[in-house]
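These numbers come from a predicted model, not from an experiment.
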Amino acid sequence: MGKEYWIGDVNSGLHDDSEVELKAWVHRTRGTNKIWFMVLRDSTGNVQCVIKRDAVGDECFESLSNALIESSVIIRGIASPTDRQHGHEIQVTSGEVVGPVNPDRPFPITESAMAESDGGETEFLLDHRHLYLRTGRMTTMLKLRSTVFGAIHSYFRDLDFIEYQAPNFVSGAVEGGSTLFEVPYFGRKAYLTQSWQLYAEAAMPALERLYTMAPSFRAEKSRTRRHLTEFWHAEMEIAWASNTEVMEHGEGVVRHIARTLLDERSDELTSLERDLDLIAQYADSEYPRMRYDEAIEILQGKGVEVQWGQDLDYSKEKILTADFDVPHFLTHYPRVAKPFYHRPDPDDPKYVLCHDLLAPEGYGEIIGGGERTWSEGEILERIEEENTPMEAYEFYIDVRRFGGVPHGGFGLGVDRVCTWLAGAEHIREAIPFPRDSRRVTP
RNA sequence: GCCGACAUAGCUUAGUUGGUGGAGCGGUGGACUGUUAAUCCACAGGUCGCAGGUUCGAGUCCUGCUGUCGGCGCCA
């Protein structure tokens with residue numbers, strides 16, 4: 001890399017009183033015609049550079065002081081600790097503009113553009129997402145996001161899970177068929193995948209412990225702070241495992257993510273005004289578990305109108321999560337409320353062996369998973385019970401005809417986890433280029 | 001699919017009972033040798049989302065359309 005010095009290192013005092021060459025972008029400027037202050041940013045932080053006409057000469061002074069916000073520059077000078085509020089600064093000896101910004105078209109993401117967004121997004125910021133990415137808040141989010149992805153990989157790999165890739169073009173649905181994106185496929189119809197699950201189950205007898213992180217697509221016209229049409233899905237599948245064991249991994253990975261963020265990104269969390277004690281609670285606490293029936297009783301006890309057999313929608317989840325300070329599981333939903341691949345409970349086949357993990361603070365469901373219907377007889381019965389067209393699932397049934405074993409898995413909404421742990425208002429804040437029913441650009 | 005809001009300069013917005021559309025930021029020019037969202041002076045920048053209607057007169061009232069935002073259902 002043609003870059004040796006980083007602003008983060010300057011700010012930590014690594015280069016005090018020695019010469020550095022910063023390759024960076026202009027964040028903000030101010031000054032007079034004798035002295036010019038230029039705050040530079042790179043991916044590691046911001047630092048103020050002091051440019052004195054006497055020290056750099058007229059030509060250099062004019063050229064640097066004319067550089068607009070987001071011009072790229074190379075600046076050479078002495079890194080100096082100061083008593084001023086910004087800590088470190090660069091006493092500039094020379095420098096030049098690399099990529100100028102045209103005054104006829106200045107950088108559009110101004111303080112005023114971000115002022116009313118409350119940390120979230122305005123239409124303007126969404127339209128200029130490609131430029132908004134380089135602002136402080138977005139950069140921080142992207143760093144947190146990277147750490148979340150890394151933590152998920154390390155959780156599974158440390159437990160000898162194999163990362164496994166499923167196709168994104170598929171012929172059948174996992175969830176209800178209405179939410180599939182249809183794409184033309186050489187004169188036929190194909191769909192964008194909603195989950196790797198069916199394909200993961202095919203590999204389960206080969207790998208036994210497997211996981212993935214990949215985009216999933218849902219053509220839901222949802223307009224909420226929790227939904228995207230393209231989202232990142234961390235999924236795992238494990239052979240010879242019960243619903244309880246799968247849940248333990250769900251709790252394990254979420255707590256590991258929280259712990260890793262605390263260890264590696266506490267500065268970023270703090271800059272988003274996130275309470276570190278709260279994140280520590282998410283990392284250190286056990287997550288309570290509650291059966292569906294208990295949840296219904298609690299809701300009915302609170303006067304909420306809900307019938308046994310109904311799925312629990314977000315309004316009801318929210319009432320339940322209000323009583324918990326940490327994520328909690330809901331298990332054993334009624335069979336009628338869940339799709340065919342959930343395994344009926346052998347102890348009471350009115351229920352299925354499944355779980356949802358609900359995040360606190362009103363963030364809602366972040367994991368859905370459970371034990372799979374694994375014998376040929378049971379899967380055929382369940383498919384028939386739901387009038388699911390069988391053709392698309394032939395291979396899925398086939399897997400059960402050759403040495404089926406108990407197994408299960410879950411899907412975790414990575415963007416939802418990022419949103420929750422970052423304390424963001426909207427899931428859009430946690431992904432670089434959000435896609436929803438009304439937006440596919442930029 | 002359903003419900004509710006909003007649309008004024010590049011951005012964020014003010015605009016009173018309908019009577020010649022203002023400001024801050026950003027940009028340009030100028031002043032100032034240590035600024036911290038620098039400050040001060042000046043200049044440029046507007047088919048008030050689009051199409052109709054009411055009216056002597058519409059940014060303002062009415063209708064339709066488009067776009068965006070928020071919420072619900074569904075889910076990760």
Side-chain angles (χ1 to χ4, degrees), chain A residues 27-39 46 48-55 61 66 68-70 82-87 89 91 101-118 120-128 131-132 174-176 178-179 194-197 213-235 250 254 310-318 337-339 356-359 363-369 410-420 425-428 436-439:
Chain A
H27 178 59
R28 295 291 183 268
T29 63
R30 49 190 166 257
T32 72
N33 61 16
K34 302 273 171 42
I35 183 168
W36 196 254
F37 303 98
M38 179 182 265
V39 179
N46 293 0
Q48 174 164 280
C49 301
V50 183
I51 304 160
K52 292 177 176 164
R53 189 183 282 273
D54 291 349
F61 187 89
N66 281 326
L68 298 187
I69 288 173
E70 287 306 313
T82 83
D83 294 335
R84 298 175 211 281
Q85 64 197 69
H86 47 270
E89 62 186 23
Q91 298 294 336
V101 170
N102 186 339
D104 294 337
R105 208 179 161 194
F107 191 67
I109 315 298
T110 58
E111 298 288 350
S112 53
M114 294 186 288
E116 298 300 315
S117 65
D118 282 333
E121 274 87 10
T122 59
E123 182 187 355
F124 180 80
L125 293 176
L126 287 164
D127 286 340
H128 293 80
L131 301 176
Y132 185 40
V174 176
E175 310 294 340
S178 60
T179 61
Q194 298 179 308
S195 164
W196 84 325
Q197 182 193 322
M213 269 197 284
S216 283
F217 306 88
R218 306 247 168 117
E220 295 159 349
K221 288 187 177 166
S222 312
R223 301 195 45 74
T224 79
R225 60 188 60 190
R226 307 179 304 285
H227 284 87
L228 296 166
T229 52
E230 176 183 345
F231 68 96
W232 282 81
H233 212 170
E235 299 181 84
V254 172
Q310 248 182 295
D311 208 353
L312 298 177
D313 60 45
Y314 179 63
S315 65
K316 299 179 184 74
E317 282 179 5
K318 219 155 73 175
K338 290 286 178 181
D356 287 350
L357 180 63
L358 308 181
Y363 282 93
E365 184 173 347
I366 52 175
I367 281 181
F410 66 74
L412 173 150
V414 183
D415 317 279
R416 283 188 179 176
V417 169
C418 293
T419 308
W420 160 53
E425 287 289 310
H426 199 294
I427 195 167
R428 275 198 305 248
D436 62 33
S437 61
R438 301 213 183 153
R439 181 175 288 279

Which residues pass the ring pair (Phe, Tyr, Trp, His ring centres under 6.0 Å) test with [X], not counting sequence neighbours?
| X | answer |
| --- | --- |
| A:His86 | none |
| A:Tyr314 | none |
| A:Trp36 | none |
| A:Phe107 | none |

Runs of at least three Watson-Crick or G-U pairs with RNA chain B, cut-off 3.5 Å: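 In RNA chain B, stems of three or more pairs: B:1-7 with B:66-72, B:10-13 with B:22-25, B:27-31 with B:39-43, B:49-53 with B:61-65.
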To the side chain of [X], which of [options] is closest?
| X | options | value |
| --- | --- | --- |
| A:Ile427 | B:C69, B:G71, B:A76 | B:A76 |
| A:Arg218 | B:G73, B:U68, B:C75 | B:C75 |
| A:His426 | B:C72, B:C11, B:G70 | B:G70 |

Protein proximity profile, nucleotides 27-39 of chain B - base contact B, sugar-phosphate-only contact S, no contact -, cut-off 4.0 Å on heavy atoms: SS---BBBBB-B-
Rounded P spacing from B:U47 to B:A9 in Å: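 The answer is 8 Å between these two P atoms.
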Residue whose nearest RNA chain B nucleotide is more 5′ - A:His227 or A:Lys318: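 The residue closer to the strand's 5' end, by nearest nucleotide, is A:Lys318.
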Most 5' of A:Asp436 and A:Arg226 on RNA chain B, judged by nearest nucleotide: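 On the 5' side of the pair lies A:Asp436.
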Distance-only donor-acceptor test (3.5 Å): side chain A:Thr110, base B:C25: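 Such a pair does not exist between side chain and base.
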